[in-house]
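Each ligand, and each atom within it, is numbered from 1 in the order the structure gives. All values derive from a computational prediction rather than experimental measurement.
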Amino acid sequence: MAEDLRQALRAFIAGVMPGRENALVFGEGPKHAKLMLIGEAPGEQETLQGRPFVGKAGQNLDHFLALAGLSREEIYISNAVKLRPTKTGKTGRLSNRPPTKDEIALFRPWLMREIEEVAPGMIATLGNVPLRAVTGRSLSIGEVHGQVLDAGETGLPLFALYHPASLIYNRSLTDVYEQDVRALAQRLKTL
Ligand code: URA
């Protein structure tokens, strides 16, 4: 994310959630990247390091990008929600939770500005949250994964992928995810 957009988002979050602006995890990567990957929200590692997809889901992502012959450096990576959604357990430990509708809606205009700024050749969403945030439609990843959709108001093609974290919990999705990533790589060659 360019510095002026980062600053504007920081100021906005400082206004609505004072103090939380320091925990924002911005998107990173080259402008006009062929591919812009959009995940759900940062986790603990991402928040500590201030970078998207550096935790366990990021390792899975790197593995599949390598399979598709894509490198992280040539891709722009971001999230639909740019603050880690947490819940507090009985022992007082923080853990991740899915972002709420309100959190997704709060960040949506910023995501749209980010997409406009990056102007990628294609968007790939990871899981339901960014799929719905970008298209504005209540689609289901189980039904549209591996397909190229119209990314709503962005006017860009959108390729729907499962979220890499879902592979941690459901190993049987690995083959499907791998096929989808290869299909995405083929598609990118035509851009
Ligand atoms: N890390 C991220 O940055 N985003 C996700 O969606 C998951 C892990």
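Side chains of Trp110 and Leu5 form a contact here, defined as non-hydrogen atoms less than 4.5 Å apart. Between Leu149 and Leu139 there is a side-chain heavy-atom pair separated by less than 4.5 Å. The closest side-chain heavy-atom distance from Asn79 to Leu126 is not below 4.5 Å.
In terms of protein heavy-atom proximity, atom 4 (N) of ligand 1 is closest to Asn79 OD1, 2.7 Å.
Nearest-residue assignment for atom 5 (C) of ligand 1 (options Pro42, Ala57, Gly27, Ala41; heavy-atom criterion): Ala41.
A side chain to side chain contact (heavy atoms under 4.5 Å, CB included) with Pro120 holds for exactly one of Leu191, Ile75, Leu156; it is Leu156.
Residue contacts with ligand 1, taken as heavy atom pairs separated by less than 4.0 Å, do not involve Pro164 at all. Within the 4.0 Å heavy-atom criterion, the part of Glu46 lying near ligand 1 is the side chain and not the backbone.
Applying the side-chain contact (heavy atoms from CB on, under 4.5 Å) rule to Ser71 yields the partners Glu73, Glu74; only residues at least two apart in sequence or on another chain are considered.
The heavy-atom pair separating Leu111 from Lys82 by the smallest distance is CD1-NZ, 4.1 Å.
By the 4.0 Å heavy-atom criterion, Gly55 is excluded from the residues contacting ligand 1.
When each atom of ligand 1 is checked for a heavy atom of His163 under 4.0 Å away, the hits are 5 (C), 6 (O), 7 (C). Under a 4.0 Å criterion applied to the non-hydrogen atoms of Gly39, ligand 1 contributes the atoms 6 (O).
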